[in-house]
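Following: one structure in structure tokens, then a few remarks.
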Number of protein chains: 2
Amino acid sequence: MKTRDKILLSSLELFNERGERTVTTNHIAAHLAISPGNLYYHFRNKSDIIYEIFLEYEKLVDYYLDIPEDRPLTLDDMTFYLESVFDGLWSYRFFHRDLEYLLDGDRRLRQDYREFTNRCLDAISRIFEKLAEAGIIEPQPDELRAAMSLNVWLVITNWMAFLKTAHASEESANLTLTELKQGIYQVLTLEIPYLTPAYRERVMALREKYRPKLPETAGAEPVVGMKAGMVKN
Amino acid sequence: MKTRDKILLSSLELFNERGERTVTTNHIAAHLAISPGNLYYHFRNKSDIIYEIFLEYEKLVDYYLDIPEDRPLTLDDMTFYLESVFDGLWSYRFFHRDLEYLLDGDRRLRQDYREFTNRCLDAISRIFEKLAEAGIIEPQPDELRAAMSLNVWLVITNWMAFLKTAHASEESANLTLTELKQGIYQVLTLEIPYLTPAYRERVMALREKYRPKLPETAGAEPVVGMKAGMVKN
DNA sequence: GACTCACTAGAGTATATACTCTAATAATAG
DNA sequence: CTATTATTAGAGTATATACTCTAGTGAGTC
């Protein structure tokens with residue numbers, strides 16, 4: 001594997017683990033057992049590394065949120081979208097943590113992220129639209145759908161932060177799979193009132209699968225692994 | 001005014017303006033035209049300053065979210081809660097921005113914040129309960145109410161970050177009053193499906209007041225001032 | 001007038017951080 | 001084989017950061 005790619009991989013790993021703020025370029029180099037000079041041969045600066053990681057993230061999410069226009073959506077599709085988005089969120093979780101600071105320091109990133117957000121909002125809205133066409137949720141006026149989509153986005157992007165700050169009385173805060181999946185539970189909660197009678201029970205059953213067993217008990221559950229076995233389309 | 005209080009005030013101001021990460025204790029001292037030594041006479045370290053600011057924030061929100069148990073809630077109460085919470089969010093907006101890092105570095109803060117979050121969630125849930133009692137929203141089972149409350153919390157605490165990152169193509173990102181208030185619009189969007197027929201129109205009209213005029217146009221609107229004229233009870 | 005004590009100035013320090021520079025070694029092209 | 005280019009090591013640097021230490025000052029007290 002190319003040094004350049006190793007740098008990106010290690011950076012992501014360290015950023016996710018310890019937060020971008022506490023991981024220095026020297027740490028990254030040390031972790032790879034290469035010299036700082038070597039790292040700076042491949043990247044102009046730390047921002048550059050972060051930007052490239054963002055591009056990967058963007059690509060991943062754009063890929064997952066590609067909505068088929070030639071067929072109606074199914075419940076499985078919706079499940080796939082939810083699982084995928086939380087997957088992506090997990091893999092690049094450092095990003096949303098220090099988002100504001102990162103955007104303040106890199107105009108390119110700010111601009112790109114802005115567009116990325118808008119694409120995501122459009123995708124969510126389009127998913128709702130197609131779920132309505134498929135008779136899974138009731139159709140809603142554009143304006144309401146847009147506001148709902150934005151709420152879904154806010155819940156999704158804030159879920160990890162909530163887990164890490166509000167849960168986990170112990171400091172380390174190993175996230176469990178159950179906890180991460182509760183994010184899907186929260187998103188489905190938003191949809192409940194809009195479900196059609198025909199699908200209500202099925203979606204409620206789906207939601208139930210993501211419900212936490214014991215809300216307040218920090219269990220010794222398996223740590224998140226993800227990259228689960230869902231395949232696109 | 002005591003030097004100690006001036007330090008807290010300036011710190012909050014600078015943190016809000018530039019982010020905790022980029023504001024050093026030396027900056028704070030310089031801004032007050034006092035020596036670093038003086039600052040460190042009053043506070044053991046930077047974390048201590050932040051912790052004290054958090055206590056103020058906590059006190060403010062706890063005060064606002066005190067729910068009267070001797071009378072039913074009104075729509076005006078709900079408006080007051082929403083306005084107040086966004087007020088508080090604005091006044092201490094640096095806090096949520098760097099939340100994870102701050103909690104990682106201070107056990108006290110982590111523990112207190114955790115309890116604070118739970119109190120807020122309980123308050124939101126209690127508000128929903130009393131809104132149902134007042135016939136404003138339909139009553140819901142405990143479990144759904146809890147999940148809804150959590151969604152409200154996620155939307156509220158993530159709203160500022162959304163504005164600062166997704167909006168404002170220009171770098172500075174001066175938030176406008178209209179934009180901040182759109183957070184209330186988003187929260188009310190969550191409530192729509194649960195409104196009783198008797199109140200539906202009134203709440204929709206209230207919501208309309210917070211609706212952004214031109215969603216995507218970064219206008220030259222008046223910058224947020226807040227501390228608006230709402231009085232408790 | 002000596003004494004205390006809360007408060008302040010300002011120079012200083014150990015460490016870290018992002019990043020640079022030079023020189024050397026592999027890899028590749030002609 | 002030679003020349004060029006890509007890659008790497010490793011020491012070094014300018015600056016910043018959180019924080020310390022010493023030496024006071026000024027207002028009140030006995």
Side-chain angles (χ1 to χ4, degrees), chain A residues 1-54 94-95 97-110, chain B residues 1-54 94-95 97-110:
Chain A
M1 185 189 253
K2 294 257 185 196
T3 302
R4 188 188 156 83
D5 294 328
K6 282 198 271 186
I7 293 170
L8 288 175
L9 219 64
S10 278
S11 299
L12 177 58
E13 186 189 329
L14 293 174
F15 288 161
N16 278 340
E17 216 166 272
R18 302 179 210 165
E20 179 272 339
R21 182 167 176 176
T22 53
V23 174
T24 73
T25 49
N26 290 351
H27 287 147
I28 299 164
H31 184 256
L32 283 168
I34 66 173
S35 65
N38 192 352
L39 185 146
Y40 278 91
Y41 169 78
H42 291 284
F43 294 94
R44 271 185 36 249
N45 52 40
K46 198 182 176 186
S47 264
D48 245 36
I49 298 176
I50 292 162
Y51 183 67
E52 297 261 333
I53 294 177
F54 165 72
F94 87 94
F95 189 70
R97 174 172 167 164
D98 289 297
L99 190 54
E100 286 190 48
Y101 178 83
L102 298 178
L103 300 195
D104 277 351
D106 190 335
R107 286 189 101 95
R108 264 183 322 179
L109 186 59
R110 167 169 284 273
Chain B
M1 186 189 253
K2 294 257 185 196
T3 302
R4 187 187 157 85
D5 294 327
K6 282 199 270 186
I7 293 171
L8 289 175
L9 218 64
S10 278
S11 297
L12 177 57
E13 186 188 328
L14 293 174
F15 288 160
N16 278 340
E17 216 166 273
R18 303 180 210 165
E20 178 273 339
R21 181 169 177 175
T22 54
V23 174
T24 73
T25 49
N26 290 350
H27 287 147
I28 298 165
H31 184 256
L32 282 168
I34 66 173
S35 64
N38 193 349
L39 186 147
Y40 278 92
Y41 169 78
H42 290 284
F43 294 94
R44 271 185 36 249
N45 51 40
K46 199 182 174 186
S47 263
D48 245 36
I49 297 176
I50 292 161
Y51 183 68
E52 296 260 335
I53 294 177
F54 165 71
F94 88 94
F95 189 70
R97 174 172 169 165
D98 288 298
L99 191 54
E100 285 190 49
Y101 178 83
L102 298 178
L103 300 195
D104 277 352
D106 189 335
R107 287 187 101 95
R108 264 183 322 178
L109 187 60
R110 167 171 284 275

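In what follows, every heavy atom counts, from backbone to side chain, and hydrogens, waters and symmetry copies are set aside. Since we're looking at a predicted model, the values are computed, not measured.
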Kindly indicate whether the side chain of [X], heavy atoms from C-beta on, has any atom under 4.5 Å from the side chain of [Y].
X      : Y     : value
A:D106 : A:I50 : no
A:L39  : A:L32 : no
B:F94  : B:I53 : yes
A:L9   : A:M1  : yes

(message) So which atom in B:L14 and which in B:I28 form the shortest heavy-atom distance, rounded to 0.1 Å?
(response)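 Result for this residue pair: CD1-CA, 3.9 Å.
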
(request) Apply the test side-chain contact (heavy atoms from CB on, under 4.5 Å) to residues A:F15 and A:D98: give CA-CA distance (whole Å), side-chain angles for both, the deciding distance (0.1 Å), then the verdict. (result) CA-CA 10 Å; A:F15 288 161; A:D98 289 297; over 6 Å; no

(message) Between A:D104 and B:R97, does any NZ, NE, NH1 or NH2 come within less than 4.0 Å of an OD or OE carboxylate oxygen?
(response)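 Yes, charged N to carboxylate O under 4.0 Å.
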
(request) Answer yes or no: is there an ion pair linking A:D48 with A:R108, defined by an N-O contact shorter than 4.0 Å? (result)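 The answer is yes: the pair qualifies as a salt bridge.
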
(request) Quick one: the dot-bracket string of DNA chain C, using Watson-Crick and G-U wobble pairs with both distances under 3.5 Å, [ ] for crossing pairs and | for bases paired to another strand. (result) ||||||||||||||||||||||||||||||

Can you tell me the distance, in whole Å, between the [atom1] atom of [X] and the [atom2] atom of [N]?
X     : N      : atom1 : atom2 : result
B:F43 : D:dT20 : CZ    : C1'   : 18 Å
B:D48 : D:dT20 : CG    : C1'   : 16 Å
B:L14 : D:dT17 : CG    : P     : 13 Å
B:K46 : C:dA16 : NZ    : P     : 17 Å
A:I49 : C:dT17 : CD1   : P     : 14 Å
A:I50 : C:dT17 : CD1   : C1'   : 14 Å

(request) Would you jot down, in residue-number order, the residues of residues 21-31 of chain B having a non-hydrogen atom under 4.0 Å from DNA chain C? (result)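 Contacting residues: none.
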
(request) Indicate yes or no for a side-chain donor-acceptor contact from B:R4 to the backbone of B:H42 under 3.5 Å, with no hydrogens or angles considered. (result)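 Such a contact is found between B:R4 side chain and B:H42 backbone.
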
(request) Give a yes or no on whether the backbone of B:T24 and the side-chain of B:H27 come within a donor-acceptor separation of less than 3.5 Å. (result)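 Yes: the side chain of B:H27 pairs with the backbone of B:T24.
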
Tabulate protein N/O versus nucleotide N/O from nucleotides 6-9 of chain D, keeping only pairs under 3.5 Å, one per line.
from	atom 1	to	atom 2	distance (Å)
D:dT7	OP2	A:Y41	OH	3.2
D:dT8	OP1	A:T3	OG1	2.6
D:dT8	OP2	A:T3	OG1	2.8
D:dT8	OP2	A:N38	OD1	3.4
D:dT8	OP2	A:H42	NE2	2.7
D:dT8	O5'	A:N38	ND2	3.1
D:dA9	OP2	A:S35	N	2.9
D:dA9	OP2	A:S35	OG	3.4
D:dA9	OP2	A:N38	ND2	2.9
D:dA9	N7	A:S35	OG	3.1

(message) OP1 or OP2 of D:dC19 versus the side-chain N and O atoms of B:Y40: is any pair under 4.0 Å?
(response)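 Yes, such a contact exists.
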
(request) Please report the C-alpha distance between B:T25 and B:F43 in whole Å, then the side-chain angles of each, then the deciding distance to 0.1 Å, and finally whether the side-chain contact (heavy atoms from CB on, under 4.5 Å) criterion is met. (result) CA-CA 10 Å; B:T25 49; B:F43 294 94; over 6 Å; no

